[in-house]
Amino acid sequence: MWFVQEEPFYQYLANQHPKLSAILEALIGPDPVLFQEMALIKPARVGGERAWHQDDSYFAVNPLEAVAGVWIALDDARVDNGCMHVLPGDHKKGPLLQSKEVGCTIAEGRIDKGTAVPVELEAGGFMVFSGLLPHYTPKNTSPHGRRAVQFHYRAADSTIVTKDEYKELFAEADGTPAACGSWQYGALNS
């Protein structure tokens, strides 16, 4: 994490690339705020699974719809080396109950994994997605590593909320609190 400030290319990519900037502005408004960056590595044959989750469960941003993730493949991302899988349209369901037992992953019975779509990307390809979109990456079973960078942005007019406000905000449609206690990441990365 925190490599954008250290490398001019990543500063350009994250904050000034015209195509990426235009897409982000269309989705979350003008002057999107970069608040988190990550390098994601799945080594050949041993890179582990990242279970189903919603990125908004990690960020205390209000409104929830103000968060966009950008996932950029540094290597070809294929099913066998752990490309991202998504549930198209499920971001519209809002927050889903997160299980504390498995590290802030979506609780059993909340999603239909049978409708998952793999998003294979060539190196240099990218996807932009809502912070509410359920997604996961499988184990890397291939002889090829899979590296990616991920940026998270929030709308310029969004706010970082307190723990109590987040517990109320990140709730299922019926009001059931859905947070697993990971809210502090958003506060740290504001």
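All values derive from a computational prediction rather than experimental measurement.
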Handout entry: Residues Asp174, Thr176; criterion side-chain hydrogen bond (donor to acceptor under 3.5 Å, both in side chains); working and verdict
Key = CA-CA 6 Å; Asp174 66 359; Thr176 301; 2.7 Å; yes
Problem - Pair His152-Val61, side-chain contact (heavy atoms from CB on, under 4.5 Å): steps then yes or no - result: CA-CA 11 Å; His152 282 101; Val61 175; over 6 Å; no
Shared ILVMFWY cluster between [X] and [Y], side chains joined below 4.5 angstrom?
| X | Y | value |
| --- | --- | --- |
| Tyr136 | Val67 | no |
| Leu97 | Ile106 | no |
| Leu87 | Val128 | no |
| Ile111 | Leu133 | no |
| Leu40 | Trp2 | yes |

For [Y], does its backbone N or O pair with a side-chain atom of [X] as donor and acceptor, under 3.5 Å?
| X | Y | result |
| --- | --- | --- |
| Tyr153 | Glu25 | no |
| Asp76 | Ala123 | yes |
| Gln98 | Leu96 | yes |
| Asp75 | Arg147 | yes |
| Arg146 | Gly82 | yes |
| Asn140 | Pro43 | yes |
| Lys42 | Pro138 | yes |

Could you tell me whether the side chain of [Y] reaches within less than 4.5 Å of the side chain of [X], counting heavy atoms only?
| X | Y | result |
| --- | --- | --- |
| Val86 | Met127 | yes |
| Glu37 | Val149 | no |
| Val70 | Ile23 | no |
| Trp52 | Thr105 | no |
| Val79 | Glu120 | yes |
| Trp71 | Val119 | no |

Handout entry: Within 6.0 Å of CD in Glu168, more than 12 heavy atoms from elsewhere
Key = no
Problem - Crowding at CD, Glu108 (>12 non-hydrogen neighbours, <6.0 Å) - result: no
Got a second to check how far [X]'s [atom1] is from [Y]'s [atom2], nearest 0.5 Å?
| X | Y | atom1 | atom2 | result |
| --- | --- | --- | --- | --- |
| Asn15 | Gln11 | CG | CD | 7.5 Å |
| Ser158 | Phe35 | OG | CZ | 7.5 Å |
| Arg50 | Met84 | CZ | CE | 10.5 Å |
| Leu20 | Ile72 | CG | CD1 | 6.0 Å |

Handout entry: His85 ring center within less than 6.0 Å of His135 ring center
Key =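 Ring centres of His85 and His135 not closer than 6.0 Å.
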Exercise for the section: Indicate whether any N or O donor in one side chain lies under 3.5 Å from an N or O acceptor in the other, for Gln54 and Ser57. Expected result: no
Practice task
Over 60° means perpendicular and under 30° means parallel, so classify the ring planes of Phe151 and Phe3, tilted if in between.
Solution key: tilted
Exercise for the section: Evaluate the side-chain contact (heavy atoms from CB on, under 4.5 Å) criterion for residues Tyr58 and Gln36: first the C-alpha distance (whole Å), next the side-chain angles of each, then the deciding distance (0.1 Å), finally the verdict. Expected result: CA-CA 11 Å; Tyr58 293 95; Gln36 191 216 35; over 6 Å; no
Identify the two heavy atoms, one from [X] and one from [Y], that lie closest to each other, and give their separation to 0.1 Å.
| X | Y | value |
| --- | --- | --- |
| Ala148 | Ala73 | CB-CA, 4.3 Å |
| Ala171 | Gly175 | CB-O, 3.9 Å |
| Ala51 | His53 | O-ND1, 2.8 Å |
| Tyr166 | Ala179 | CE2-CB, 3.4 Å |
| Asp56 | Leu64 | OD2-O, 2.8 Å |
| Leu132 | Phe170 | CD2-CE1, 4.3 Å |

Handout entry: Electrostatic pair Arg78:Glu122 at N-O distance under 4.0 angstrom
Key = yes
